[in-house]
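Everything quoted here is computed from the prediction, not taken from an experiment.
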Amino acid sequence: MDDDGIEDHPDLLDPDWQRHAEKEAWIDLRKARRRTKRGKRIVVPLTVLVVLAGAGYGVYRWGKTTSDQYTGDKPAVAAPTTTAPSDLPMWGHVDLTHPFNDTPAQAWAEGIAGLTTPPPGKVGAFGAQQTAAAIEQVKQAISAAALDPVTLVDHRPDRYLSLFAPDDRDQMRADLTSPDATRAARWVDLVAGGYHLLPVAPRMNGNITLKPGAAGELVVHVTYVAAYAFDPGDTPVSGPADLVAFQREDDDYVLRTSPPFSKSSAGLWRDSSSGYDYSVACDAANKGYLAPLFSNRYGGTDTTTAIEPGMFDPDQPPPTGPGNC
């Protein structure tokens, strides 16, 4: 696998051992996938802020496009003048040219640049070049799943699917092509029809860590929180919570090599996943879609649930409290 020549080890070349290792990997995968399908999106808790209808603030209309599709001059990102809040305000001024101001995401980097990655280095049997390549593959997968407008808006996850090992693609395809969006939402993010992102890139804050897995495996763990700013159009908004939605993800990706795995199993796999959404519309979320709170202002409100630190801070444990959707 690397310069040490571990791929030539006699144990790894033994056909009986290879068959056993691959069988065990498939068994473990099926167990993980069962956990994933129970825990990803559909049954994760969703916390929605109370935002009552009021006079609202003036709305600046940016049109119907996402940041990656916007062809004009993008507004410069305003330098925050104060420390980012640890809460998401229900009431307050909203500047649609800088919608993340006065939210926990105001100082986060745009898109995938918000992920902190470890320096390339040897991890288990994987050399520095291999770990660097694995990090890049996972970053591409996250971009395709959570940031690419073709996936988010057009609901076409082809690029995302293409990044995985053939055997993993075969298992994912049924979910990603199902008319039931709750199945696709186990893997990718889908903006609800009729809603549009403002022409500013989503913000992200998170990190990637690496550890050796079983023989022939490198585990890439990703924890991040992503923030999406929605265009309210003609809908009055009362504060940042109305139009900025947050999603926390804690995911494991596994890079497998051949040998010991077959060629069709070599490559990137999506392993265990968990997610938690905040300040989203319950009606859309329960159908597998991401929509802003202003679309469902009176549905599933909660005045008592405290915000756990991990909702906005990926260095903290993920939220565990009950949601209300």
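- Remark: the T97 side chain and the D95 side chain contain an N/O donor-acceptor pair separated by less than 3.5 Å.
- Side chains of H98 and N101: a donor-acceptor N/O pair is absent below 3.5 angstrom, by distance only.
- Minimum interatomic distance between A229 and V200 (heavy atoms only, all atoms of both residues): CB-CG2, 4.3 Å.
- What you find for A146 and D189 is that their closest heavy atoms are CB-OD2, 3.4 Å.
- Shown here for L115 and M204, the closest heavy-atom pair between the two residues is CG-SD, 3.9 Å.
- Other residues, nucleotides and ligands place more than 12 heavy atoms under 6.0 Å from the CD atom of Q316.
- A cation-pi contact, defined as under 6.0 Å to the ring centre and within 45° of the axis, links R256 to F261.
- Note that OG1 of T131 is 11.5 Å distant from CD1 of I208, once rounded to the nearest 0.5 Å.
- With Q247 contributing its side chain and G275 its backbone, the two residues share no donor-acceptor pair below 3.5 Å.
- The shortest non-hydrogen separation linking A192 to A284 is CB-CB, 4.3 Å.
- Put simply, the side chain of R203 never gets that close to the backbone of E110: no donor and acceptor are under 3.5 Å apart.
- Side-chain N or O atoms of D168 include one that pairs as donor or acceptor with a backbone N or O of R270 at under 3.5 Å.
- Checking side-chain atoms of T103 against main-chain N and O of F100 turns up a donor-acceptor pair under 3.5 Å.
- Using a 4.5 Å cut-off on side-chain heavy atoms (C-beta onward), P292 and Y195 make contact.
- Smallest separation of non-hydrogen atoms from S295 and A281: OG-CB, 3.2 Å.
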Practice problem: Would you check, one step at a time, whether the test side-chain hydrogen bond (donor to acceptor under 3.5 Å, both in side chains) holds for S178 with D180? | Solution: CA-CA 5 Å; S178 172; D180 179 1; 5.2 Å; no

Quiz item: Would Y253 and F164 satisfy side chain to side chain contact (heavy atoms under 4.5 Å, CB included), going step by step from the backbone distance to the final call?
Solution: CA-CA 10 Å; Y253 292 81; F164 293 88; 3.9 Å; yes

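- Using modelled atom types, no side-chain atom of S273 and backbone atom of D251 make a donor-acceptor pair closer than 3.5 Å.
- Of the possible donor and acceptor atoms, none in the side chain of Q140 sits under 3.5 Å from a partner among the backbone N and O of Q137.
- Between the side chain of H93 and the main chain of P240, no donor-acceptor pair closer than 3.5 Å is present.
- Of the candidates D231, L198, L293, L197, L243 forms a side chain to side chain contact (heavy atoms under 4.5 Å, CB included) with just one, namely L198.
- Of the possible polar contacts, none joining the T223 side chain to the N207 backbone as a donor-acceptor pair under 3.5 Å is found.
- Salt-bridge annotation for R248 and D250: present, with a side-chain N of the basic residue lying under 4.0 Å from a carboxylate O of the acidic one.
- Rounding to the nearest 0.5 Å places CZ of R183 at 13.5 Å from CE of M172.
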Practice problem: Evaluate the side chain to side chain contact (heavy atoms under 4.5 Å, CB included) criterion for residues L161 and R173: first the C-alpha distance (whole Å), next the side-chain angles of each, then the deciding distance (0.1 Å), finally the verdict. | Solution: CA-CA 7 Å; L161 195 59; R173 188 173 284 108; 3.8 Å; yes

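- One finds the OG atom of S279 at 9.5 Å from the CE atom of M311 (value rounded to the nearest 0.5 Å).
- For the pairing with F246, the side chain to side chain contact (heavy atoms under 4.5 Å, CB included) check across Y276, Y278, Y228 returns one residue only, Y278.
- Across all non-hydrogen atoms, the minimal contact from A141 to Y160 is O-CD1, 3.5 Å.
- Formation of a donor-acceptor pair under 3.5 Å by the Q106 side chain with backbone atoms of D102 is found in this model.
- We find the CG-CZ distance between L176 and R186 to be 10.5 Å, quoted to the nearest 0.5 Å.
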Exercise. Show your working on side chain to side chain contact (heavy atoms under 4.5 Å, CB included) between L210 and I135 and close with a plain yes or no.
Key: CA-CA 9 Å; L210 306 176; I135 290 171; 4.0 Å; yes

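- Side-chain atoms of V280 and L290, non-hydrogen and from C-beta on, do get closer than 4.5 Å to each other.
- Between the side chain of D313 and the main chain of P309, no donor-acceptor pair closer than 3.5 Å is present.
- No side-chain donor-acceptor contact under 3.5 Å links D148 and S143.
- Interatomic distance, L147 CG to I142 CD1, rounded to the nearest 0.5 Å: 8.5 Å.
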Exercise. Show your reasoning for whether side chain to side chain contact (heavy atoms under 4.5 Å, CB included) applies to L218 and V123.
Key: CA-CA 8 Å; L218 177 67; V123 177; 3.7 Å; yes

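- To the nearest 0.5 Å, atoms OH (Y289) and NE2 (H155) are separated by 6.0 Å.
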